Every structure is written in structure tokens, then in C-alpha cells.
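If you're wondering where the values come from, they're calculated on a predicted model, not measured in any experiment. One-based numbering, in listed order, for ligands and for the atoms of each. Computed over heavy atoms, backbone and side chain alike; hydrogens, waters and symmetry mates excluded. The residues of the chain are indexed from 1 along the displayed sequence.
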Amino acid sequence: MSWSATISQLLEVLCAQPVNLSEAALRQVTSAIQTDTRMIKGGEVFLALRGEKFDGHDFVATAIAQGALAAIVDCADENSGLPLLQVRNTLKAYQQLARWWRDGLNIPVIGITGSVGKTTTKELIAAVLATKGRVHKTYGNFNNEIGVPKTLLELNTEHEYAVVEMAMRGRGQIAELTQIARPNIGVITNVGTAHIELLGSEQAIADAKCELLAEMPQDGVAILNQDNARLMATAQQVWSGDVLTYGFSGGDIQGLLIDNETIKVGEMQLPLPLPGRHNGSNFLAALAVARVLGIEWWRLEGGVTVNMPTGRSQRFTLPNNVLILDETYNAAPEAMTASLQLLADTPGKRKIAVLGAMKELGERSLELHQKVGETVQRLELDALLVLVDGKDAEAIAQSAEGIPSECFTSHADLLTKLKTFVQPGDRLLFKAAHSVRLDSVVNQFRGEF
Ligand code: ATP
Ligand code: MG
């Protein structure tokens with residue numbers, strides 16, 4: 001059974017004021033809360049959210065005309081004749097409904113946060129849990145104050161597990177998401193420098209991520225990456241409940257990377273659903289979740305399939321045996337290092353890094369771009385091509401001393417270079433902040449074949 005409630009139940013849960021709601025209207029049953037009028041098919045309740053560029057309140061009449069039973073609003077016009085539930089804040093109402101629905105379902109909810117690897121770990125956990133039961137997971141990157149309630153409201157009574165990604169743009173947000181999702185298991189993949197501009201320091205980032213633990217119900221289990229010292233130290237201060245640790249350096253679930261495709265844990269050797277050491281770490285988190293939920297690891301011996309969203313852990317082999325690692329969705333400093341390491345570890349003729357700027361790094365920007373260049377140098381890659389479209393990108397090339405490198409100021413110039421430079425057997429990594437739009441270069445380059 002999917003989400004359902006009577007209009008009078010909604011009024012009660014939200015302590016809302018009824019406007020133009022008849023006795024008959026109060027008894028009506030709705031099967032969904034919808035915030036997008038384009039998705040209304042009939043029978044839903046429309047919830048008007050205010051965004052930067054839109055205000056759902058402008059679409060209330062459309063929603064009702066399209067078949068919505070009523071609308072949840074924060075300013076109601078009685079004279080409109082429209083059936084409304086008036087609340088103080090519609091976003092809070094959305095979150096309240098999500099929590100109410102979640103609380104009524106007796107299933108394990110797994111909450112995931114961290115500086116990098118949230119979506120990947122979410123997908124891996126979901127794939128592991130799917131070997132045992134029906135899983136609902138965050139769709140794409142719907143991981144914020146709107147995405148988390150949306151995810152929870154999509155749960156139905158058939159689901160046996162929920163895997164929820166939680167992201168933040170500042171202090172207090174993970175706490176808020178945790179209060180809504182009330183996870184039984186909280187996973188923190190790592191803390192690093194992603195979006196450091198927003199919080200100021202790595203410790204502030206660690207504190208913000210650990211809000212997941214501070215707000216988790218006391219009988220929950222924390223799953224933590226032991227390889228991340230700052231995370232472990234910060235978690236200890238806020239969480240006194242059960243903990244399961246994972247990592248390569250130690251932990252309850254300690255992994256040994258056999259190669260990019262295989263990991264060994266204890267006596268068991270398992271195929272990695274996604275390649276590379278960083279994905280090995282993410283997989284260990286999924287194994288930890290399986291352990292807590294009593295899901296036997298032998299189920300994973302034949303491998304599990306994970307379909308990553310566009311621009312993350314995507315691999316394309318071109319007809320001329322050129323391998324493209326497409327990581328153009330985003331680039332945090334830790335993710336840059338991880339992806340460069342994967343490139344270096346991938347067998348092939350030449351290893352070529354095609355990089356662009358990282359964003360939201362504030363005062364640390366120059367230093368962190370320089371570090372990327374140093375990583376390219378340490379890994380002894382064969383070539384570095386940098387799209388200089390954004391602050392400090394040039395510093396990547398300048399710091400990669402001894403590595404043949406070239407900078408480009410336009411996507412077109414970079415593409416022209418790739419067409420002549422790349423040879424059969426080469427391995428290429430494309431990675432930059434999303435706004436650099438390196439994905440357009442990947443697509444055009446692939447289109448050449
Ligand atoms: P977002 O903030 O965009 O939601 P996210 O935390 O969900 O990011 P993913 O989308 O899973 O992160 O991964 C983004 C990139 O980070 C990947 O493409 C990969 O390069 C890198 N990455 C993934 N997992 C790890 C990890 N455990 N350690 C370091 N880098 C990682
Ligand atoms: Mg994500």
C-alpha cells in the first residue's frame with residue numbers, strides 16, 4: 001500500500017486550519033502529497049513550496065483544476081473557494097508529514113552523510129539490501145530539506161528497507177534531516193574539505209556531519225569510516241551508542257584491496273560493484289550495514305549491480321579502445337584524489353587527466369588546487385589537460401611539475417586537442433566542478449566515434 005491519509009488526518013497531523021473544506025472533503029483519502037502540479041494525476045494533495053525562482057502558491061488553482069483534492073498553503077484566500085489546509089510554513093509541513101509517515105512504518109531506515117561518496121554508498125547499500133528484500137532509496141541526488149521528505153513520502157508498506165542520502169549546506173541541516181528520517185542506522189562516509197567555504201574549517205564540517213549521530217535515536221547504530229581520524233574523534237564526542245567501524249587501516253570490518261575490482265574482508269573475497277579504492281571503502285560501509293541487519297555476505301559473492309547516476313563512476317570504452325572515466329558531475333578535493341588514483345591504477349597505454357576547477361573552497365581554493373597538481377605529479381600520469389574556466393584551475397597545471405601539461409581557455413580548444421592527442425589504448429579521466437561543464441566535452445568527444 002502506498003502513502004495514504006484522509007484530509008482530516010492531514011489537518012490533525014499538521015495542526016492546520018481548514019479553509020473551504022466540507023465534511024465530505026474531510027473524509028476523502030489522498031494517496032500522495034505532490035509539490036509539482038505537472039505530476040498531478042488526480043487524488044493527490046498539492047503542497048505549495050516557495051523556492052528562489054517559483055512559488056507553489058501561484059499554482060494552487062491549477063493543481064485543484066487538475067484533480068488535487070486540496071492544497072496545503074501558508075496563506076489562504078477564503079474567497080477563492082478552493083479547498084485548503086492552512087499551515088504556518090509549508091516546507092515544515094512537508095517535513096512533518098514525511099516524519100509521520102516514516103514513523104508509521106516499521107522498517108529500518110539507513111541515513112547516509114559524508115563529504116564525498118554519499119550517493120555511491122547509498123547505491124551500494126541499496127544494492128546489497130536488495131539481495132534480501134524490497135528497498136526504497138533516494139532518487140538521484142534528492143538529499144536536502146525537500147528531497148529527504150520527498151523520498152520518505154514515496155515509501156510504501158511493501159518496502160522493507162529505506163536508504164536515505166542526507167546532504168548539507170550549513171550547520172544544523174543534517175540535524176534537521178535526521179529528525180525527519182529518524183534513521184536506525186547512520187553512516188558517515190568521511191569528512192573532508194568539500195564545500196569548506198560554507199563552514200570555514202574541516203572541524204566545523206566534521207561537527208556538522210556528526211549531527212547525524214547526535215540526533216539519531218539512542219538505539220541506533222553508527223557506521224563510521226575508521227580511516228578518517230577526524231570523523232572518529234568527533235563522532236566519539238557526540239555518540240555513545242552502538243558503533244560498527246570499517247576501513248582499510250583497521251575497524252570491525254577491515255578490507256584489503258586485492259585489486260581495483262576485488263576486496264578481501266576476513267576470509268571472504270568479494271567482487272567490487274564499482275572499481276577503485278574509494279569505492280572499496282564505500283562498499284565496506286555497505287557490508288557493515290548488511291552485518292547490522294543480519295544480511296549474509298555470501299549473497300554478494302556473485303556480485304551486485306549498481307547503476308550510478310550520470311557523471312559519477314561512469315566508464316565508456318570507445319571503439320578505438322580508449323577508456324573514459326566520466327566523473328564530471330562534481331569535484332571535491334578528496335574526490336579528485338580518489339579518481340586520479342583510480343586512473344593511475346587502471347591498466348592502459350597512457351593515463352591522461354582532463355581536469356577543471358573545483359568550487360566552494362573559499363580561502364583554501366588555491367592550496368587545494370595545487371594539491372591536485374601535486375597528486376598528478378606523484379602518480380606520474382602521462383599527461384594533464386586543464387580547462388581554465390574558474391578560479392585557480394591553472395594552479396593544477398603549475399603544480400604538476402614534470403608532467404606534460406597544457407591549459408585551455410575554451411571547451412572547443414580542449415576538444416580539438418583531444419581529437420588529435422588521444423591514441424588507442426589511452427585512459428582518460430574527466431573531472432571538474434559541475435559548473436565547468438566538462439560533461440559537454442565528454443559528450444562531444446564520444447560523439448566523434
Ligand atoms: P554530492 O555532494 O554531489 O551529493 P556525494 O557525496 O553524493 O556528492 P558521490 O556522488 O557518491 O558523492 O561521489 C562523488 C565523487 O566523489 C565520485 O565521482 C568519486 O570521484 C568521489 N568519491 C566517491 N566516494 C569516495 C570516497 N569514499 N572517498 C573519496 N572520494 C570518493
Ligand atoms: Mg550525492
Side-chain angles (χ1 to χ4, degrees), residues 111-127 137-144 147-148 151 163-170 173-174 177 187-199 205 208-209 212 223-228 231 246-249 255 257 260 263 272-288 306-315 324-346 353 355-356 358-361 372 375 429-435 438-439 442:
I112 303 157
T113 195
S115 289
V116 283
K118 296 180 289 298
T119 297
T120 313
T121 305
K122 178 249 306 180
E123 293 295 333
L124 289 169
I125 292 172
K137 62 182 181 190
T138 301
Y139 176 74
N141 217 19
F142 282 101
N143 56 18
N144 63 8
V148 168
T151 303
V163 191
V164 181
E165 175 173 341
M166 299 178 178
M168 56 140 201
R169 309 286 303 163
Q173 291 176 346
I174 294 292
L177 300 180
V187 181
I188 308 184
T189 58
N190 46 52
V191 295
T193 50
H195 314 298
I196 196 162
E197 186 175 72
L198 299 167
L199 281 129
I205 293 173
K209 301 290 178 199
L212 172 63
I223 295 184
L224 304 171
N225 179 351
Q226 176 141 335
D227 296 337
N228 196 296
L231 165 62
Y246 66 91
F248 291 110
S249 60
L257 204 67
N260 263 338
I263 199 164
L272 275 180
L274 296 166
R277 190 178 174 85
H278 60 295
N279 285 322
S281 172
N282 299 334
F283 189 56
L284 290 173
L287 292 179
V306 174
N307 292 317
M308 287 299 291
T310 316
R312 275 164 288 192
S313 285
Q314 298 281 349
R315 298 158 80 87
I324 290 184
L325 306 177
D326 178 2
E327 294 277 1
T328 53
Y329 175 77
N330 222 339
E334 295 76 20
M336 275 285 196
T337 311
S339 296
L340 287 166
Q341 183 69 53
L342 175 60
L343 174 67
D345 293 342
T346 303
L355 307 180
M358 305 175 289
K359 299 282 167 75
E360 297 185 341
L361 298 177
V372 171
T375 303
L429 165 73
F430 287 80
K431 196 161 181 69
H434 190 67
S435 59
L438 210 48
D439 55 331
V442 172

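- Of all protein heavy atoms, the one closest to atom 16 (O) of ligand 1 is Ala335 CB, 3.1 Å.
- The number of protein N/O/S atoms found under 2.8 Å from the Mg ion (ligand 2) is 3.
- What sits closest to atom 28 (N) of ligand 1 on the protein, heavy atoms only, is His278 CB, 3.6 Å.
- None of Arg312, Lys122, Lys118 except one satisfies the side chain to side chain contact (heavy atoms under 4.5 Å, CB included) rule with Asn141; the exception is Arg312.
- Nearest to atom 19 (C) of ligand 1 among the protein's heavy atoms is Glu327 OE1, 3.7 Å.
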Exercise for the section: Apply side chain to side chain contact (heavy atoms under 4.5 Å, CB included) to Asn190 and Val116, showing your working. Expected result: CA-CA 7 Å; Asn190 46 52; Val116 283; 3.6 Å; yes

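- Nearest to atom 3 (O) of ligand 1 among the protein's heavy atoms is Tyr329 CE2, 3.4 Å.
- Under 4.0 angstrom from ligand 1, the non-hydrogen atoms of Asn143 all belong to its side chain.
- Within the 4.0 Å heavy-atom shell around ligand 1 one does not find Met336.
- Of the N and O atoms on the side chains of Glu165 and Asn143, at least one donor lies less than 3.5 Å from an acceptor on the other residue.
- Looking at ligand 1, you'll find an N or O of Glu165 within less than 3.5 Å of one of its N or O atoms.
- Heavy atoms from other residues, nucleotides or ligands lying under 6.0 Å from CZ of Phe248 number more than 12.
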Practice task
Go through Leu342 and His278 one step at a time and tell me if the side chain to side chain contact (heavy atoms under 4.5 Å, CB included) criterion holds.
Solution key: CA-CA 8 Å; Leu342 175 60; His278 60 295; 4.2 Å; yes

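- Here the protein heavy atom with the shortest distance to atom 20 (O) of ligand 1 is Ser339 OG, 2.7 Å.
- Between Asn279 and ligand 1, no pair of N/O atoms sits closer than 3.5 Å.
- Note: an N/O pair closer than 3.5 Å links Lys118 and ligand 1 by distance alone.
- Residue Met308 has no N or O atom closer than 3.5 Å to an N or O atom of ligand 1.
- Only the side chain of Lys431 comes within 4.0 Å of ligand 1, judged by heavy-atom distances.
- Scanning all protein heavy atoms for the shortest distance to atom 11 (O) of ligand 1 gives Thr120 OG1, 2.4 Å.
- Contact analysis leaves Ala167 out of contact with ligand 1, as no non-hydrogen atom separation drops below 4.0 angstrom.
- Proximity of Asn282 to ligand 1 is established by a heavy-atom distance of less than 4.0 Å.
- Judged as a salt bridge (charged side-chain N to carboxylate O under 4.0 Å, His left out), and not counting sequence neighbours, the contacts of Arg169 are Glu360.
- Under 4.0 angstrom from ligand 1, the non-hydrogen atoms of Asn141 all belong to its side chain.
- Looking at atom 30 (N) of ligand 1, its nearest protein heavy atom turns out to be Ala338 CB, 3.4 Å.
- When hydrogens are left out, the protein atom nearest atom 12 (O) of ligand 1 is Gly117 N, 3.0 Å; that is the closest non-hydrogen contact.
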